[in-house]
Structure formats: C-alpha cells, structure tokens
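So that the names make sense, note that chain A is the first sequence line, chain B the second, and so on, each numbered from 1. Owing to the predicted nature of the structure, the values given are computational and were not obtained by experimental measurement.
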There are 2 protein chains.
Amino acid sequence: MDLNRSGPIPLYFQVSQRIEKAILSGELPAGSRLENEVALGQRLGLSRPTVRRAIQEIVDKGLLVRRRGIGTQVVHGQVTRKVELTSLYDDLTNTHKVPSTHLLALETRTADAKTAERLGVAEGSPTLYIRRVRLADAVPVAVMENWLPEEFIGIEPNDLVAHGLYQVLRSRGVTMRVARQHIGARKSTNEESMLLEIEKNAALLTMDRTAFDNSGRAVEFGQHCYRPDLYSFEVTLVEK
Amino acid sequence: MDLNRSGPIPLYFQVSQRIEKAILSGELPAGSRLENEVALGQRLGLSRPTVRRAIQEIVDKGLLVRRRGIGTQVVHGQVTRKVELTSLYDDLTNTHKVPSTHLLALETRTADAKTAERLGVAEGSPTLYIRRVRLADAVPVAVMENWLPEEFIGIEPNDLVAHGLYQVLRSRGVTMRVARQHIGARKSTNEESMLLEIEKNAALLTMDRTAFDNSGRAVEFGQHCYRPDLYSFEVTLVEK
DNA sequence: TTTGGCCAATTGTCATGACAATATCAGGTC
DNA sequence: GACCTGATATTGTCATGACAATTGGCCAAA
C-alpha cells in the first residue's frame, strides 16, 4: 500500500482516488461488491471513519451505492465524468479540443437592477462587463456575457483570450465555491446566429449562473448560450 | 431544545433541518456567521462530529460556506430551492400547480440496441414503453418518453394518470438513488409542436435520463422535452 | 508608520469505541 | 413445502479525544 501519511494529501482522499480509479479502469466492474468498511480499514491500517469517508466521496459522485446489511456495490451503467464547478474552457481542454476566444467586449458598465441584485452590489455601482465567443477547434460553440464586481476592473484582454475566466479569477486569488445555475432554451437572435454560424431562429441552450467564492460573496454573474449540436450539460443526481 | 433522541430521525438531521430553516426564514441573514462547531455542540449536548455532519449537509446544499480559521457563514444571494432527484410531477406539485397527464402510449416493446444499453438489459428483451404529455394547470409543459425493464410490465394506465412515474415506482418498492442526466436543446417536430401547443420549429429543452435504484440496477430510461417558456432546470454546484 | 512574528480561534483530519438498524441466510417448526 | 426465527454480516449513527492547518488580529520592534 502506498499511503503517504506525512504529505498534505488527506488519507481519505488518497483512498477514494484509488477506489475511483479502480472503478473507472474496470478493475471493479459494475455490480461488484466492495470490501466491507471494517476489513478495508484493517487491511490499509486506517480507522473506519477514514475509510467510510473515502467511500462516501465516491457515493456522492454516483459511482457507488451503499445498502446497510448488504454492502457497497458499483453502480451499473457506463460511467461518465461528473459535473463539476468548471468553466466551458476547462470542459473543452478536458475533451482534448483546442479552445480559443473572440473577445467582443471588455468594458466598465454601471449595474442595472438585475445585475445589482444578482451580484449583491448597489445599483449604479461600476461592474466589469465581458462578452466573448468561445470556439472549440475553431468552431464557435458559445456566446458568453459576464458581469463581475468592481474589484475585477483591470483584467486584461490578453488574459481572457489566453485563459478561461475562471482561470483568470483563480490566478487573482479567488476560489469559487458555490454556483447556482438555471438551464433553459430559446431561439437565437440574428446576431447570435451569425456569431455561432448557425441558421436564423435556431434552438439555443442557455445557462444563467451566479458564482460565489469561499467567503460567500458573489464574484460572477453570467448569461451564456450554447450551440446545442456541440454542447450539452451532464448532471448526476444522488439521493441521500 | 427540542431534540428527539429516542425517535428514528438522526440527530444530525434534526440539527441540519433547524439550521436550514433558520437560513430560509431569514433568521440567519446572508453573510452572518454561524456559532462555531464546538460551542454549538456543547449548547445542544451533542458531540462535534454530529454537529459537523449537520453543518456539512447544508454546506453540500450550497447554503453555507466554511473557512478554516474563520468559521461558517451563510452564502449571499437569494436562496432558491435545491435540485433533487424528483420527477416533473413532484416539481409541479411543489410549485402549487395542478398537474395532469395525457397518456399517449403504454405498451410492451422489444428493446433496441440503444434502449438495451441504457437499461442494462439484453437486446430484444421486452420493456415497458410509456409516452405522456404532462400538463400544469391544463397547459402542456412536456412530452415524455420512458422505457422500463420487464418487471414493470403491468403498470396500469390509471396509475400514470393519477400519479407521477416516480410515485408509481416508489409504491412498488423501488427507491431511486442515482440518476444521470443530459440536458440539451433542439427544435420541435411538428407532432411535438401540436402536442405542446407551440409554433412549429420552436426551441425545446430536452433531458435524457437513466435512473438507478439502490441496488445499482437501471430502473428507468427517459427522453423528455419541455416547453422552455414554462420550465427550466436549476442546478446548484458546490466545489469541495 | 510599517513590518514582522506570535497567539488565539476555528475548521480539517484521524483514531477508537460502542450500539442500532437492516438485509441475507440457514435452520427448525407447523 | 411454507413460514417463522434466530444468527450473522454490514452499514448507519453517535461519542470522545487528539493534533494539524489556516486565518486574523494583536503587539512589539525596526
């Protein structure tokens, strides 16, 4: 066993990563039973709470199912990657496509009522407005509008072209914690059709999002629309 | 304190419900700090792990944010109801609309390749096929197609008209645990436009879902499409 | 005034122990 | 053969204790 007890990586995380890897690699096939918590703990030299937490992490991802009296089993069905708090930029790089960006607007705007409410700032206060077209392998995938609070005014165009918005925010010391999204659909406007290189009045997949950092403050509000033939959302729900 | 130590309801759940209620009612305003774990445990006569788990439940819902060295705070932004493993039927009743159903088809079909893969059954094996139009306050909201494994053949039309599919399954002793959903958009077919009482070639919000029960076996596969002016998805993401 | 370091507060991680609840299974009884 | 019963296995809940890591503020020194 290659558990690193001195490093900064928690033991339960090391264990959960190993188990998850075993599931995704097929080493633990669908429907197979996991070793029980007590035995697994003894074998690894870990306490039961630690092992239990490791397993719980994977249950929360929807890869394992526990039943008291029975044990823990791998869920059936082809496993897919889970939905995380990521940006479209991250999604594209993870799927081995080459992302690029057309920056349409990067300017300071005073917050109207809706923006102010979503960002939790005073109406009329300055905000940073960004509008971009995201491309994957040179094909337009999404038109994205974002509003950021005052303190981010000063973000350079070059940053947004070379990296995703979330990367830029992370590099400024902001870590996202919670995001609330609404996903819907509507017809495209003529301008959107042109930008996305699709026919007029095509169906668009839309997503509105407000993201909060680890202090609970809103750091981003965005309205995005996606080409539904090139992008869709994947959600795994787990009942507790 | 009204903690019930003898009842079947876990202590951590009783605590988390109380805290969540306090947040939703505004008793704990956005940005306010929660009493620290140790003190809260002492005040309630509970151990720290129990209190910690109670708080963690709410953090996972995106209502609280913890920072080590600082404490636990209520997230900013208007709180919305969380996303759960529910059916559209439940959603509608929760929003005080009157749901009803037009049953278009309820028949046995042999599984084609796609259905067999999604349900984890052999190709050619019998499945139950259901097609419904869901209405809210007599206005059509969604067209839903569902495939269920062999054992559910025998579900009565009356069940599906009076209750949601998930209710019917629950009454047969099936409890959903994990669901994988794909959310996208496309244009409506002429038939869908007629059923949903919308114009031709309108934008539709689509959702494909495979649901698994607590033994990890697929119990339902569905392809739904929604009127985007009447329905949208709400997702709360929490980074760990 | 500014800077650096120390200290207190708070959450994060881990161990040990105990009992409860639930499902399976074998065996006995009617 | 069907049904009840008990034993067993396994996860669910809860308590207690300890130490680590991070943050923020205070205070002293430059």
Can you tell me if [X] uses its side chain to pair, donor with acceptor, with the backbone of [Y] under 3.5 Å?
X     : Y     : result
B:T50 : B:L46 : no
B:R52 : B:V38 : no
A:Q14 : A:I9  : yes

Exercise for review: May I ask you to check if B:R177 and B:F212 form a cation-pi contact, with NZ or CZ under 6.0 angstrom from the six-membered ring centre and within 45° of the axis?
Suggested key: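 Geometry flag: not set, cation outside 6.0 Å or 45°.
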Point to revise | Mutual orientation of the aromatic rings belonging to A:Y231 and A:Y226 [parallel < 30°, tilted 30-60°, perpendicular > 60°] | key: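 Parallel: the ring planes of A:Y231 and A:Y226 meet at under 30°.
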Point to revise | Bending between helix ends of the helix from C:dT1-D:dA30 to C:dC30-D:dG1 [5 pairs per end, 10° resolution] | key: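 Axis-to-axis angle, ends of the helix: 10°.
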Point to revise | Audit row: B:E20, B:R18, salt bridge (charged side-chain N to carboxylate O under 4.0 Å, His left out) steps and yes/no | key: CA-CA 5 Å; B:E20 187 176 349; B:R18 283 241 308 262; over 6 Å; no
Check your understanding: What's the CG-P distance between B:L64 and C:dT10, to the nearest Å?
Key ->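 Atom CG in B:L64 sits about 16 Å away from atom P in C:dT10.
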Practice item. Indicate yes or no: does B:R66 engage B:E37 in a salt bridge with an N to O separation below 4.0 Å. Key: yes
Practice item. With A:F221 as reference, evaluate A:K114, A:E117, A:E145 under the side chain to side chain contact (heavy atoms under 4.5 Å, CB included) test and give the passing residue. Key: A:K114
Exercise for review: Sugar-phosphate means primed atoms, P, OP1 and OP2; the rest is base. With that split, encode nucleotides 7-16 of chain D 5' to 3' as B, S or - using protein heavy atoms under 4.0 Å.
Suggested key: --BBBBBSBB
